[in-house]
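In this chain, numbering begins with 1 at the start of the sequence shown.
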Amino acid sequence: MFLVLLIVISSFTCKQNKSFSSKTFYCDTIKKDSVLIDSTVIDSVKKDSTVVLSTKHYKTNAHASYYHDKFTGRKTASGAIFDNKKFTAAHRKLKFGTKVRVTNIANSKSVIVTINDRGPFVKGREIDLSKAAFMSITAKKGSGTMLVNIEIIE
């Protein structure tokens with residue numbers, strides 16, 4: 001009975017997003033985890049976090065920070081209204097709409113965000129994440145920056 005329930009749950013929760021139809025997503029049935037695709041959290045039952053995406057290395061050991069709450073509700077450089085609860089980011093050079101995987105070097109947690117703003121405007125920082133994205137991968141709560149690896153999802 002438990003095995004049947006596990007199979008039913010995994011069939012509903014491990015779905016491939018249509019916008020990534022050429023990509024392959026694998027789902028195992030041991031460990032509960034979640035994957036973020038296209039600003040949507042997809043809960044999946046996985047054994048070893050095997051999610052296969054086509055990515056291109058962009059930068060290692062980059063400094064990441066997050067937006068202050070005062071920016072919520074303001075327009076971003078792309079024209080979208082900023083929401084600190086969405087998984088978005090600011091970058092100086094990457095095109096708007098680019099999907100980027102940001103991985104915290106300290107704990108190997110990663111998140112996929114969409115570039116929709118310009119910045120950060122602090123010397124030495126590479127990317128500004130929304131607060132939701134930052135807090136989902138941070139090793140220490142209360143820290144405002146972290147070292148990350150950045151990959152572009154193709």
Hydrogens and angles aside, do [X] and [Y] bring a side-chain donor and acceptor to less than 3.5 Å of each other?
X: Thr114; Y: Lys99; result: yes
X: Ser78; Y: Asn116; result: no
X: Asn84; Y: Tyr66; result: no

Fill in: Steps toward side chain to side chain contact (heavy atoms under 4.5 Å, CB included) verdict (Ile112, Phe87)
CA-CA 7 Å; Ile112 297 173; Phe87 287 76; over 6 Å; no
Worksheet item: Salt bridge check: are Lys56 and Glu151 linked by an N-O gap of less than 4.0 Å?
Response: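 No.
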Work out which heavy atom in [X] is nearest to a heavy atom in [Y]; give both atom names and the distance.
X: Met146; Y: Val148; value: CG-CG1, 3.5 Å
X: Thr55; Y: Ile153; value: CG2-CG1, 4.0 Å
X: Lys86; Y: Ala132; value: O-CB, 4.2 Å
X: Phe82; Y: Tyr67; value: CZ-CG, 3.4 Å
X: Leu129; Y: Ala89; value: CD2-CB, 3.9 Å

Check whether [X] reaches the backbone of [Y] with its side chain - one donor and one acceptor, N or O, closer than 3.5 Å.
X: Arg92; Y: Pro120; value: yes
X: Asn104; Y: Ile137; value: yes
X: Ser65; Y: Gly144; value: no

Practice prompt. Validate the cation-pi geometry between Arg118 and Phe96: distance from NZ or CZ to the six-membered ring centre under 6.0 Å, angle to the ring axis within 45°.
Written response: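 Yes; both conditions hold, so Arg118 lies above the ring face of Phe96.
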Worksheet entry | In one Ile/Leu/Val/Met/Phe/Trp/Tyr side-chain cluster, 4.5 Å: Val111, Ile152 |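 Same hydrophobic cluster.
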Discussion item. Hydrophobic cluster membership, with links at side-chain heavy-atom distances under 4.5 Å among I/L/V/M/F/W/Y: are Leu94 and Val113 in one?
Written reply: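 Shared cluster, yes.
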Practice prompt. Show your working on side chain to side chain contact (heavy atoms under 4.5 Å, CB included) between Ile115 and Ile127 and close with a plain yes or no.
Written response: CA-CA 9 Å; Ile115 303 298; Ile127 193 165; 4.3 Å; yes
Is the shortest heavy-atom distance from the side chain of [X] to the side chain of [Y] under 4.5 Å?
X: Leu147; Y: His63; result: yes
X: Tyr58; Y: His91; result: yes
X: Thr145; Y: Arg125; result: yes
X: Asp117; Y: Thr88; result: no

Measure the spacing between [atom1] of [X] and [atom2] of [Y] and express it to the nearest 0.5 Å.
X: Thr138; Y: Asn107; atom1: OG1; atom2: CG; answer: 7.5 Å
X: Ser130; Y: Lys85; atom1: OG; atom2: NZ; answer: 12.0 Å
X: Ile105; Y: Thr60; atom1: CD1; atom2: OG1; answer: 6.5 Å
X: Lys93; Y: Lys59; atom1: NZ; atom2: NZ; answer: 7.5 Å

Fill in: Full working for side chain to side chain contact (heavy atoms under 4.5 Å, CB included) between Lys131 and Phe134
CA-CA 5 Å; Lys131 194 170 186 177; Phe134 187 92; 5.7 Å; no
Item to complete: Let me see the working for Lys75 and Ile81 under side chain to side chain contact (heavy atoms under 4.5 Å, CB included), right down to the final yes or no.
Response: CA-CA 5 Å; Lys75 271 191 177 181; Ile81 301 299; 3.8 Å; yes
